[in-house]
2 protein chains.
Amino acid sequence: MEAALAVLSGRWTTLVLRELIHGPRSYGDLSGALPRLSDKVLSDRLRTMVEQGRAERGETTGFPTRTTYSLTDRGLLLRPLLVELYRTGQGLLDTRGP
Amino acid sequence: MEAALAVLSGRWTTLVLRELIHGPRSYGDLSGALPRLSDKVLSDRLRTMVEQGRAERGETTGFPTRTTYSLTDRGLLLRPLLVELYRTGQGLLDTRGP
DNA sequence: CGGTATCCAAGATGATACTG
DNA sequence: CAGTATCATCTTGGATACCG
């Protein structure tokens, strides 16, 4: 449990994961989908996820650079947990949340 | 999802919840089961859970006081999420964690 | 036994500005 | 477009000590 929590740690981690679960996303996609997330924190999270082997980065050679992030198999392990987080969140709101 | 995360926020919240899911526990039970958790944080967490309506407190009248905490129906909503946290944690460790 | 009161250190986050 | 650099701030957690 502590291991799973450690992976989700950080206020924005799960939200970035949710975006990536729907498929590869560019830095700009993520930044646009999460407007309240600062560039600094976004790149912090992405770097951590890549270091942990949960995400991969595909970088183009041209200019402007276009980088695409996608989940690895290890990252996809988290999918059921994210689904349960969503379900539980709905449940909490239904019964007068949070 | 954010609602669910907010409820689990705090490094020790899920561990306290796990103890309570097995049944009512006194303050001392919890403190003993989680030796690395300071009194301050334990009482912070319990207070928050009671405020949120996820736990209830039953206090005796005598002395020394003996207080028992237990989960409410709202608290039990979190059970499937905790189970999934546990499952995911196991999965992470199996594939070379954390 | 079952807490509360302080204070401090560390880490996370946010705002802003700048670069290849 | 895709970041990095810097700094202020906010939040958590831990240590310690004390109270009814």
Side-chain angles (χ1 to χ4, degrees), chain A residues 1-20 23-52 54-71 85 98, chain B residues 1-20 23-52 54-71 85 98:
Chain A
M1 253 173 64
E2 302 174 73
L5 282 170
V7 168
L8 295 187
S9 78
R11 185 173 166 196
W12 296 100
T13 305
T14 51
L15 300 177
V16 175
L17 281 169
R18 184 182 58 184
E19 295 301 319
L20 292 180
R25 293 285 186 273
S26 71
Y27 185 94
D29 289 338
L30 295 170
S31 185
L34 303 166
R36 320 251 303 170
L37 175 54
S38 73
D39 280 345
K40 182 207 171 212
V41 176
L42 175 54
S43 63
D44 282 355
R45 293 292 154 246
L46 290 171
R47 189 177 323 114
T48 301
M49 290 169 59
V50 170
E51 281 169 3
Q52 292 177 337
R54 314 210 177 283
E56 273 178 336
R57 120 197 238 157
E59 199 170 337
T60 64
T61 48
F63 183 87
T65 317
R66 183 164 277 277
T67 310
T68 303
Y69 291 89
S70 52
L71 291 184
L85 268 172
Chain B
M1 254 173 62
E2 301 175 74
L5 281 171
V7 168
L8 295 186
S9 79
R11 184 174 166 194
W12 296 99
T13 306
T14 51
L15 300 176
V16 175
L17 282 168
R18 185 182 58 182
E19 295 301 319
L20 292 180
R25 293 285 185 272
S26 71
Y27 185 93
D29 290 339
L30 296 170
S31 185
L34 303 166
R36 320 252 303 167
L37 177 54
S38 73
D39 281 344
K40 180 210 173 208
V41 176
L42 175 55
S43 64
D44 282 355
R45 293 294 154 244
L46 290 171
R47 189 178 324 115
T48 302
M49 290 169 58
V50 170
E51 281 170 1
Q52 291 176 338
R54 312 209 177 284
E56 273 177 336
R57 119 198 240 157
E59 200 169 338
T60 63
T61 47
F63 182 86
T65 316
R66 183 164 277 277
T67 311
T68 304
Y69 292 89
S70 53
L71 292 184
L85 268 172

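Please read all numbers here as calculations on a predicted model, not as lab measurements.
- In this structure, B/L34 places its CG atom 15 Å from C1' of D/dG14, rounding to the nearest Å.
- Rounded to the nearest 0.5 Å, atoms CG (A/L46) and CZ (A/R57) are 8.5 Å apart.
- In this model, the phosphate group of D/dG14 is not approached by any side-chain N or O of B/R36 to a distance below 4.0 Å at OP1 or OP2.
- Going from atom CG of A/L30 over to atom P of D/dC1 covers 13 Å, rounded to whole Å.
- Atom CG of A/L42 is separated from atom P of C/dG14 by 12 Å (rounded to the nearest Å).
- Across the interface with DNA chain C, nearest-nucleotide mapping of A/L37 and A/F63 shows A/L37 to be the residue nearer the 5′ end.
- Applying the side chain to side chain donor-acceptor pair (under 3.5 Å) rule to A/T14 yields no partners; only residues at least two apart in sequence or on another chain are considered.
- The side-chain heavy atoms of A/T60 and A/T65, taken from C-beta on, include a pair separated by under 4.5 Å.
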Inset, instruction - Quick one, give me the B/S/- string for nucleotides 3-11 of chain D, reading 5' to 3', where B means a protein heavy atom under 4.0 Å from the base and S means that only happens at the primed atoms, P, OP1 or OP2. - result: BB-B-----

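- In this structure, A/D29 contributes its side chain and A/S26 its backbone to a donor-acceptor pair below 3.5 Å.
- Judged purely by atom type and a 3.5 angstrom limit, B/S9 uses its side chain to pair as donor or acceptor with the backbone of B/A6.
- Here A/S26 lies in heavy-atom contact (under 4.0 Å) with sugar-phosphate atoms only.
- Residue B/R25 contributes atom CZ, which lies 13 Å from atom P of C/dG2 at whole-angstrom precision.
- For the pair A/W12 and C/dA12, the criterion of a side-chain N or O lying under 4.0 Å from OP1 or OP2 is not met.
- Rounding to whole angstrom units, CZ of residue B/R66 and P of C/dG3 are separated by 11 Å.
- With rounding to the nearest 0.5 Å, the separation of CG in B/L5 from CG in A/L85 is 5.0 Å.
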